[in-house]
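Below: the structure, in structure tokens.
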2 protein chains.
Amino acid sequence: MKDIARHAGVSQSAVSFALNGRPGVSEETRDRVRQVAEELGWRPSTAARALSGEGAATVGFVLARPADTLGVDSFFLQLVSGIQEVLAERHLGLLFQVVEDVADECAVYRRWWAEHRVDGVLVVDPRTDDPRPDLLDELGLPAVVIGGAPDDRHPGLSTVWADDAGAMASVVDGLYALGHRRIVHIAGLPGLAHTERRIRTLRAEAGRRGLSEVKSVTTDYSDAEGAAVTRRVLEGVAPPTALIYDNDVMAVAGAAAATELGFAVPADVSVVSWEDSALCRMVKPWLSALSRDSVEFGRTAARELTALLDGGSARAVRVPVPRLVERGSTGVARGA
Amino acid sequence: MKDIARHAGVSQSAVSFALNGRPGVSEETRDRVRQVAEELGWRPSTAARALSGEGAATVGFVLARPADTLGVDSFFLQLVSGIQEVLAERHLGLLFQVVEDVADECAVYRRWWAEHRVDGVLVVDPRTDDPRPDLLDELGLPAVVIGGAPDDRHPGLSTVWADDAGAMASVVDGLYALGHRRIVHIAGLPGLAHTERRIRTLRAEAGRRGLSEVKSVTTDYSDAEGAAVTRRVLEGVAPPTALIYDNDVMAVAGAAAATELGFAVPADVSVVSWEDSALCRMVKPWLSALSRDSVEFGRTAARELTALLDGGSARAVRVPVPRLVERGSTGVARGA
DNA sequence: TTTAGTGACTAATGCGCATTAGGTTCACGG
DNA sequence: CCGTGAACCTAATGCGCATTAGTCACTAAA
């Protein structure tokens, strides 16, 4: 800025006013300063800006997953991509960190907060009994929870969520209409808010229809567990006629396992994946899947966070209910 | 720091000396200051540190991919995970950005540099005729190129690379030994350095053995193109007996396409994937794949970058040659 | 007894920006 | 002709830290 001031023949303050749209300089001078700044390729030092109270111009994103669990998962990359798109417009940086568990994640938030490193954070994989909302409230760190249900106890946090309950209800509706009465839901990690929501909804739906042979089994989202659970339930007595998998990886692995056991898909057993991706079109038959726009999900979350940073108040935003894309893996229940 | 100074009954300078291990304070005072800092949960403001010449304590990572291409790809997430692991030890942040193309990527580097936002960057997907090394040289931004071959013209850049040439040679060796003479390599994006290296090596190996029916076809890495190219080459006259795919997504899609066309794997056509992941074990038969440790790849790259930041000189590090994991998709060539 | 030296600390400065408090000039009204 | 305000600009300050240049007391050497 000193250089710009010298080149333009004005004081540093004038440069600051000119470049930040503050009053106090003539339009003429403003233009001249702008031009010089342009020529010099000047960009404000984020450090200096941050130091003089402008915030860090950075948003944090922590992914709490053991390194070996980071497998084939298109969701996060797409989510991040959407987040970026919105943040980039505002020249906000995304500070990304992978940690082992939620405790480490909390430590990262504390550190970022103490270091004034981020202006806000995006929280994923909310859990039942989650320590993070309390912490973020305590720290006063603006935050958007992605995938959590609206939560009255944390009025400071925004929430961007998909209606899992509604989606589950519609999936069960569809399967029921096809004659399915024995349904197993191969769920994701226990303790995750959306896992629990889906499980609760499935139970409620089953109860409503008087279906006793409907249950959920939790897993770690891996192909291995997806296949293992599939084998276990299909080898039992009165095996299910429909399987709902909480992600695409397990759905594909599960469908393969079923086929190996001699169960034809969808003649003997229908398969639904709760995540749509190229994976679902890599097996025969193609898997019916709940499709949602993860990139848009990310955009929405980022928009909520920037709104919060702009001083807006927190709110809960519901993204469209995932849509069931019927492909070849769902059909009429055997014997129905 | 002012608070700490007050609580400990010393000057701010003393606090700074004490906490940074500088001489000028007694051990007794140092301990007291440390303790007070601990109690107050103090962490230095990164902005202030950066402003007083300590660097931004941040490393940049740009992924130049159109949003819709960010599909099922375990490589990057694993790579980032490994990078993180090393950076976290040093309390270095990772600034992550997704952009459309290399031109945008260069713009991001320029901006980061001007804003003093990062101390160094990690560059992925190096290309033939890549503008990035020149730019980074010009900016004087420490950088590690991931996946590029050593490059004499940029003595300032470190390189972490895998020996694609060696791996390709060994794959061709193996296939040749199994009697394969007609081999098609379904390569990735043209222009990527490693794509070109593999193509060149394949051609050389074919030439050495006098094989005329060996070729490479470039794609965009998508399952769709993988399948399309597979169909095209298998439907031609004298179809290949072995297919080498540059990633797991195409390998799986290609294997499925081959099966659909009535080509049994591996009886009629052998399939090798250049990327190993859970995907390769989701189809029957399981795919033989070149396996490498992406997490460790990331760790190595991050270590090289931190070495550079510590003032070390640039070097080229070769990671172990990917190992071919023989599974069910490779076999003796029909008629051999 | 003086002097130099050393250990332990404080005061002062600068990093690059935003901002607040002052200045100077000019036009206009009384 | 003075006072007054507006328009435009400059000087000075602070953000939180690292660092350099002192300051002071006390000890060992001369």
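Nothing here was measured: the structure is a model prediction, and the numbers come from that model.
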For dT19(C), does either OP1 or OP2 sit under 4.0 Å from a side-chain N or O belonging to Arg22(A)?
-> yes

Separation of dT19(D) P from Asn20(B) CG (nearest whole Å) = 7 Å

Measure from CD on Glu28(A) to P on dA7(D) and round the result to the nearest Å.
-> 16 Å

Ionic contact status for Arg303(B) with Glu89(B), cut-off 4.0 Å | no

When rounded to whole Å, the NZ to P distance for the pair Lys2(B) and dG16(D) reads 7 Å

Answer yes or no on whether Arg292(A) is positioned over the face of Phe75(A), meaning its NZ or CZ is under 6.0 Å from the six-membered ring centre and within 45° of the axis.
-> yes

Are Val121(A) and Leu136(A) side-chain neighbours, meaning at least one heavy-atom pair lies under 4.5 Å?
-> yes

Given atom CE of Met1(A) and atom C1' of dT10(D), what is their separation to the nearest angstrom?
-> 13 Å

Verify the distance criterion only: is there a donor paired with an acceptor across the side chains of Ser45(B) and Arg117(A) at less than 3.5 Å?
-> no

What string of B, S and - do you get for nucleotides 5-11 of chain C 5' to 3' if you count protein non-hydrogen atoms under 4.0 Å?
-> ---SBBB

Would you please test Arg65(A) and Asp125(A) for salt bridge (charged side-chain N to carboxylate O under 4.0 Å, His left out) and show each step?
-> CA-CA 10 Å; Arg65(A) 297 244 170 153; Asp125(A) 287 345; 3.3 Å; yes

Using the ring of each side chain (for Trp, its six-membered ring), is Phe61(B) parallel, tilted or perpendicular to Phe96(B), with breaks at 30° and 60°?
-> parallel

Counting only side-chain N and O atoms of Ser16(A), is one of them less than 4.0 Å from OP1 or OP2 of dA18(C)?
-> yes

Just wondering, are more than 12 heavy atoms of other shown residues or ligands nearer than 6.0 Å to CD in Glu39(B)?
-> yes

Answer yes or no: is there an ion pair linking Asp137(B) with Arg132(B), defined by an N-O contact shorter than 4.0 Å?
-> no

What parts of residues 35-52 of chain A reach DNA chain D, counting only heavy atoms under 4.0 Å away?
-> Leu51(A), Ser52(A)

